[in-house]
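Have a look at the structure below, then the notes.
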Amino acid sequence: MADGAKVRTVAEVMTKDVLTASSSEPLSKASARMIERGVGSVVVVDPGAPVGILTERDLVRAGAAGADLSTAKVADWMTPNANTVSPDIEMLAAFDSLTAHGYRHFPVVDDGHLVGIVSIRDMLKLAQVLRVEHPGMIEAKRGLEGVVVAETEVGDVRGQEGFYHYRQYNAVELAEKRTLEDVWHLLYEGELPSVGEREAFAAEIRSLREIPPTVKELLPAIATAGEHFVPLDALRSAYSLLAYALDFRSWLDIDAAARRANAMQTSAVMPTLIMALYRLNQGLDPIDPHPELPYAANYLYMLTGEVPEPGHARAIEQYLISTTDHGFNSSTFTARVITSTGADVGSAVVGAIGALSGPLHGGAPSRALDMLDAIGTPDKAEEWIRNSVEKGERIMGFGHRIYKTDDPRSLMLRGVAERLGGDMVDFAKKVERTVVDVLAELKPGRNLYANVEFYAGVVMDKVGLPRTLFTPTFTSSRVIGWTAHILEQAADNRLIRPSAHYAGPPPPVPVPDA
Ligand code: ACO
């Protein structure tokens, strides 16, 4: 924060009118008051002094466990002995404590009495005030953790609650009830399609799946250029060629309809490029898209030339839907940064593919399966994992910047994997339990659980995708999210250009003569 910024206390930003509940009342009553007031938590007081906090997340847990909300007591589901702060503590100290504990709210207690509640939202209000009063710098945490950098209507992730959404819909529910094309329409057009819109949208996608001839003829060179074939690197190169060949231009020089056309073409052709490159590298001819098949079934069809069984097509479709978008993740942020400079849709997508390729982001699902192979049998799981963590290694497919509880995508994909069934799924479940237990013991307080990548690998393997295609497959769905964000950024742009804190030797040092 800027030097010289006035020290502010919790008392200045806390909400004084706190919603409270007693520990003996039923959950249904407390939750009704939360809904009425539009707040995400209630402080539990018995009597006068706080004894715990009940959040939306606790209500979700209670619901999931089958608790009867009209009889279950607040005391049974609240977080007891919630951390509190005093009103005269410095704002920054409260903020650090909130984020360090992964909390969203602190009850404010003065002399044993509850006098208010302070939340992350209150702190952000303060940050805005400071920005106006002090045009100096606001120093962000390393990795930009917890920093809000833009407004979006595409979707969001609520890490503490284990919930994410596309537009106003729960993304997991969309994956359970809708097709990928419907979700794509939702992200681009802002709403789920009507029956007529669905047909028109599917027809538009079908017309854009083919690889333009000038690009197609150069693909064999890309697919065989490197000594080691890395499908995602080949895809990055081929897509870059396509954007160039199709003359994608700075979005500042084209209208909104032309930007959308670039975005549609990008998302529609990506699966065809992936499979064509893979087959060419294998010495096989690419398979043209199937005119009758929807997106997900066509994806698997272009790998083998056989219409996939419906269970496999649906499994991969659910995976694709669940990974279409995910807040301001690194690759989406990259796409928006590049777009903010006025660069064309192609440049933004190439940059995003680069960001996704890293193992800390999208490059993990094949590594998660490699780990299952390395462990070999269930009885070796604990020893293997313990050794790895003790050596300081990361367990691939576990941990997340935003989720400090179960990743909802991992829960959904575990269900998909269970439906597909088989020994490998049972083994993966055993390894998941062991990793969570070992990490809880060796990395206490870090809240590490399986992320989307762990079961993604299992599901993709079960439907017959080779491991080298895992990250490209992730790309084929995430590109829909990237392009939705690119269109949003272009519609209301400001150059994204942060600053850095210089930490080298103090300048200016005289330049030595050569
Ligand atoms: N295995 C072992 N320890 C872990 C893991 C893991 N998978 N993830 C985090 N930790 C530990 C770290 O060692 C660190 O411990 P320390 O406090 O002793 O130093 C602590 O937890 C916090 O880790 P950070 O790196 O600060 O967490 P960050 O939010 O920066 O990283 C990330 C998130 C990159 C996903 C991390 O959990 C990780 O490396 N996971 C493995 C790779 C992976 O699964 N990537 C796919 C992510 S999902 C996606 O992007 C689609």
Side-chain angles (χ1 to χ4, degrees), residues 96 99-102 140-147 155 157 159-160 162 164 171 175 232 319-335 352-372 374-375 381-382 384-414 428 431-460 467 470-482:
D96 285 347
T99 46
H101 287 86
K141 279 191 154 190
R142 259 162 72 80
L144 295 186
E145 184 171 4
V147 178
V157 184
Q160 298 296 332
Y164 73 118
L232 195 70
Y319 164 71
L320 293 170
I321 294 174
S322 72
T323 50
T324 302
D325 187 49
H326 205 237
F328 259 56
N329 59 85
S330 307
S331 55
T332 300
F333 183 50
T334 303
I353 294 174
L356 189 75
S357 71
L360 301 188
H361 188 9
S366 56
R367 290 168 194 251
L369 274 200
D370 294 344
M371 173 178 78
L372 292 183
I375 293 172
E382 183 168 347
W384 194 96
I385 294 156
R386 209 170 263 285
N387 279 340
S388 301
V389 179
E390 279 165 358
K391 275 192 274 171
E393 288 169 6
R394 300 218 162 193
I395 308 295
M396 287 294 145
F398 289 81
H400 198 272
R401 171 62 64 82
I402 304 288
Y403 292 123
K404 301 301 172 202
T405 178
D406 287 315
D407 180 335
R409 301 168 300 177
S410 138
L411 297 182
M412 203 259 319
L413 290 171
R414 184 166 66 200
V431 170
E432 182 200 2
R433 280 195 300 273
T434 312
V435 175
V436 171
D437 289 349
V438 170
L439 287 176
E441 184 192 324
L442 300 181
K443 294 269 173 188
R446 271 58 147 223
N447 299 315
L448 300 166
Y449 299 92
N451 62 46
V452 62
E453 305 262 296
F454 185 66
Y455 283 104
V458 176
V459 168
M460 286 192 267
R467 279 179 206 195
F470 287 2
T471 306
T473 303
F474 186 2
T475 312
S476 77
S477 60
R478 185 54 62 87
V479 70
I480 297 171
W482 292 333

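All ligand and atom numbering here is 1-based and tracks the order in the structure.
Residue Phe474 has at least one heavy-atom neighbour below 4.0 Å for each of these atoms of ligand 1: 51 (C). Interface of Glu453 with ligand 1, defined as ligand atoms under 4.0 Å from a residue heavy atom, comprises 46 (C), 48 (S), 51 (C).
Below 3.5 Å of separation, one finds an N or O of Asn451 facing an N or O of ligand 1. Geometrically, ligand 1 and Val452 share no nitrogen or oxygen pair separated by less than 3.5 Å. For a threshold of 3.5 Å applied to N or O pairs, the pair formed by His361 and ligand 1 contains at least one separation below that value. Below 3.5 Å of separation, one finds an N or O of Arg401 facing an N or O of ligand 1. Residue Phe398 places at least one N or O, backbone or side chain, under 3.5 Å from an N or O of ligand 1.
For the pair Met396/Asp370, no side-chain contact is recorded, criterion being any heavy-atom separation below 4.5 Å from C-beta on. You'll find the side chain of Thr473 reaches within 4.5 Å of the side chain of Leu320, heavy atoms only. Between Val435 and Phe454 the shortest side-chain heavy-atom distance does not fall below 4.5 Å. Residues Val438 and Phe398 are not in side-chain contact: their nearest non-hydrogen atoms beyond the backbone lie 4.5 Å or more apart. Side-chain contact between Arg401 and Asn329: absent, with no pair of heavy atoms (C-beta onward) separated by less than 4.5 Å.
Here CZ of Arg478 is found 12.0 Å from OG1 of Thr471. Values are rounded to the nearest 0.5 Å. Interatomic distance, OG1 of Thr323 versus CD of Glu453, reported as 9.0 Å (0.5 Å rounding).
Looking from atom 38 (C) of ligand 1 to the surrounding protein, the closest heavy atom is Arg394 NH1, 3.4 Å. Protein heavy atom at the shortest distance from atom 19 (O) of ligand 1 is Lys443 NZ, 4.4 Å. Gly399 O, 3.7 Å is the protein heavy atom nearest to atom 35 (C) of ligand 1. Nearest protein heavy-atom neighbour of atom 42 (C) of ligand 1: Met396 SD, 3.6 Å.
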Going through the distances and angles, do Tyr455 and Glu432 end up as a side chain to side chain donor-acceptor pair (under 3.5 Å)? CA-CA 9 Å; Tyr455 283 104; Glu432 182 200 2; 2.7 Å; yes
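The shortest heavy-atom distance from Gly397 to ligand 1 is under 4.0 Å. Ligand 1 has no atom lying under 4.0 Å from any heavy atom of Phe454. For Leu448, the heavy-atom gap to ligand 1 drops under 4.0 angstrom. Within the structure, the closest approach of Pro359 to ligand 1 falls below 4.0 Å when heavy atoms are considered.
Residue contacts with ligand 1, taken as heavy atom pairs separated by less than 4.0 Å, involve Leu439 solely via side-chain atoms from C-beta onward.
Using a 4.0 Å cut-off between a side-chain N of Lys or Arg and a carboxylate O of Asp or Glu, Glu145 and Lys141 do not qualify as a salt bridge.
Taking the six-membered ring where the residue is Trp, Phe333 and Phe328 present tilted rings, their angle falling between 30° and 60°.
Here atom 21 (O) of ligand 1 lies nearest to Arg446 when heavy atoms of Arg446, Glu145, His400 are compared. Nearest-heavy-atom check against atom 6 (C) of ligand 1 across Asn447, Asp407, Leu356, Ile395 picks out Ile395.
Asn447 places no side-chain N or O within donor-acceptor distance of the main-chain N or O of Thr405, the cut-off being under 3.5 Å.
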